[in-house]
Structure formats: C-alpha cells, structure tokens
K.L.:
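The structure that follows is given in the form of structure tokens.
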Amino acid sequence: MIVLDGVFAGYGGGDVLQGLDHEVEPGSVTCVVGPNGAGKSTVLRAISGLVAPRKGEIRLGDRTISGLHPAEIISAGVVQVPQHNGLFAAMTVRENVLLGGFVRRRDTRMLRRRYDELAETFPIIAERGSEPAGNLSGGQRRMIEFARALMLQPKVVLLDEPSLGLDPRALAMVSESVATMRESGLTVLLVEQNVRFGLGVSTHGVVMESGRVLLTDTAAGLLANPDIAQLFLGGSATRTPDGATT
Ligand SMILES: Nc1ncnc2c1ncn2[C@@H]1O[C@H](COP(=O)(O)OP(=O)(O)OP(=O)(O)O)[C@@H](O)[C@H]1O
Ligand SMILES: [Mg+2]
C-alpha cells in the first residue's frame, strides 16, 4: 500500500531518516515504535509531504508520491493527524471537521454528505457541532481530529501519538476509532510512545532506531518479544497517571 524505499530525509541539519525501507500492507494497522528522536514523526511527515525526501522514493500503490505537494498527497488518499492538538479552539466543531475537506472545498454536496456520515460514526459531532472545539475534552478533540482526517475518504491515515495526554476512557475511544477505520478497509500507520497501547490496536509493528527500521513483526509478535519488553515495556511496565508507558 505504502512503500518506503531507501528514504533519506531531514530538516537541513542532516538526514534524520537514514535510508529507511518499509512496506505497509493494505488494510493493516501498523504501529511504529522507537526511542525519542528516532525519526518516527519524520516518517509520517515524509509520507505526507511535509518533509521532502532528499533521496529514495515513497509510493502509494503504483504511484510515486514523494516529491508531490502535501495537498496532492491528500488528494491521492493519504491524510495525517499531527502529533499536537491540531484543532482551532475558537472555531466550531463543525467548522473544524469541514476543514478536512478544504482541498475539495468546491464539492459542497459531497462534503455535506460526508459530514453527515461522519456525524453518525462520531456522535460527538452531532452533539457538540455548534460549540467551539476548545470546549471539548482531550478525548473528544481527538475524535474530531479523526473525523476531520476522514472527510475526504482517504485510503491511508497517519496518526502521530494518538494516545498522547489521554485518560483511559479516552484511550478506549481512540482504540475503538482505530478498529472502525480498519473495519472500513483503511490502512493505518501510527506512531506511539505508549507501546503497549499502540501495538495493542495494531496488526503489525515496526521498531525504529536512528532513522532506520530495526525490526518488523506482527504486533502480537513484538508484544511477546522479550527484547521489546525489556526496551519499551520496562519489564514491570512503569505507568504514568495518564496511562502512558514510560
Ligand atoms: N522541525 C524540525 N526542525 C529541525 N529538526 C527537527 C524538526 N523536527 C524534528 N527534528 C529533529 O529530528 C529528529 C527526529 O525527530 P522526530 O520528531 O522524527 O522523532 P520522533 O521519533 O517522532 O521523536 P518523539 O518520540 O520525541 O516524538 C530529532 O533529532 C529532532 O530534534
Ligand atoms: Mg514524534
């Protein structure tokens, strides 16, 4: 579905991604894990065109998407939900969701129909649509971010740290949303610091280190791997109050 082929990319001060190779299977949910600064977010940004690969190629199916403008990559069917809260707090929930259709803003009938579908999938849209997004809880905001990403019916959704800052109840909502995306045939690539949560909602896992893929396996395989437990699950799995594994 998405193929990363020898990708080098970074921010001017040198390459963060150092010849990264990976193939994301269609219909899979893949979780990328790795230490801080490994380049996990950079992988997502390279796919969505926010960082242009200096070398190598990224393909969506048969089509090369590396080098395209971010808006063209969205149109090709790849959307990213960023790591930090990306809602406009002063705009309404409805306006925030509709922003997801911006690149096809002239297609008002399609956008309206799609909005109505999403309001069924995410009841919070119907309940709080006319309120400022800033009024919502962290978990509710995450739902709105997902809905916005789904406005253009993408083929691939990229989620950067969807669990960040959420309480267990909100985590359950995120987990359910990821399951819904998968059931609807979407391919999902997510990055998680909360390794147990991330692999728990995924079919496949990728371990990154220093801009390269160290290991790939099924999510269950990685969770059962004693080296992974040692590295990321802390053996006794120390937990912070927000549920993140440290
Ligand atoms: N906008 C930027 N400009 C310059 N350097 C950046 C930028 N964003 C990230 N970097 C650097 O690139 C490297 C990889 O960052 P990246 O955000 O991809 O890591 P990450 O694996 O997502 O880490 P984290 O777990 O902390 O989110 C880091 O050394 C970081 O400091
Ligand atoms: Mg990151």
Side-chain angles (χ1 to χ4, degrees), residues 2-22 24 29-58 65-67 69-71 73 78-87 138 141-142 145-146 149 156-166 170-171 174 178 188-202 204-217 219 222-223 227-234 237-246:
I2 294 258
V3 176
L4 297 126
D5 194 353
V7 175
F8 287 81
Y11 302 91
D15 292 322
V16 172
L17 304 183
Q18 311 263 356
L20 186 117
D21 294 310
H22 187 65
V24 177
V29 178
T30 302
C31 180
V32 180
V33 302
N36 292 117
K40 303 181 298 296
S41 296
T42 305
V43 173
L44 299 190
R45 288 190 209 116
I47 295 171
S48 57
L50 301 175
V51 172
R54 187 178 64 76
K55 200 169 158 227
E57 195 176 71
I58 302 173
I65 57 167
S66 42
H69 188 274
I73 295 176
V78 181
V79 289
Q80 176 168 2
V81 178
Q83 179 164 0
H84 300 292
N85 176 18
L87 295 186
R141 282 203 295 270
R142 198 60 39 86
E145 291 174 358
F146 290 169
V156 178
V157 179
L158 310 174
L159 307 174
D160 200 346
E161 308 273 2
S163 81
L164 198 71
L166 299 184
L171 281 186
V174 170
V178 172
V188 180
L189 182 62
L190 70 144
V191 163
E192 265 300 338
Q193 305 251 358
N194 186 338
V195 172
R196 211 180 283 281
F197 172 81
L199 290 173
V201 301
S202 299
H204 293 75
V206 175
V207 182
M208 266 187 81
E209 196 180 61
S210 309
R212 286 199 192 85
V213 171
L214 196 66
L215 181 65
T216 60
D217 198 350
L222 285 184
L223 277 169
D227 294 337
I228 300 304
Q230 181 75 24
L231 274 172
F232 297 113
L233 305 176
T238 352
R239 282 181 176 271
T240 56
D242 69 356
T245 306
T246 56

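By convention here, the first residue in the shown sequence is residue 1. Atoms within a ligand are numbered from 1 in the order they appear, just like the ligands themselves.
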K.L.:
To the nearest 0.5 Å, how far apart are CG in Leu159 and CD in Glu192?
P.N.:
9.0 Å
K.L.:
Taking side-chain contact (heavy atoms from CB on, under 4.5 Å) as the definition, give me every residue that meets it alongside Ala71, ordered by chain and number, with sequence neighbours left out.
P.N.:
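Here the qualifying residues are His69, Val103.
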K.L.:
Could you tell me whether any N, O or S atom belonging to Ser41 is less than 2.8 Å from the Mg ion (ligand 2)?
P.N.:
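Checking the Mg ion (ligand 2) against Ser41, an N, O or S atom does fall under 2.8 Å.
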K.L.:
Applying side-chain contact (heavy atoms from CB on, under 4.5 Å), can you list everything that pairs with Leu214, at least two apart in sequence or on another chain?
P.N.:
Val207, Glu209
K.L.:
Any chance the side chains of Ser210 and Gln18 put a donor and an acceptor closer than 3.5 Å?
P.N.:
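Ser210 vs Gln18: no donor-acceptor pair found between side chains.
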K.L.:
With a 4.5 Å cut-off on side-chain heavy atoms, are Leu158 and Val43 touching?
P.N.:
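Val43 vs Leu158: side chains apart.
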K.L.:
Looking at residues at least two apart in the chain, or sitting in another chain, which of them share a side-chain contact (heavy atoms from CB on, under 4.5 Å) with Arg141?
P.N.:
Asn85, Leu87, Leu136
K.L.:
At a heavy-atom distance under 4.0 Å, which protein residues reach ligand 1? Sort them by chain and number, would you?
P.N.:
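If the criterion is a heavy atom under 4.0 Å, then ligand 1 touches Tyr11, Val16, Pro35, Asn36, Gly37, Ala38, Gly39, Lys40, Ser41, Thr42, Arg45, Gln83, Gln193.
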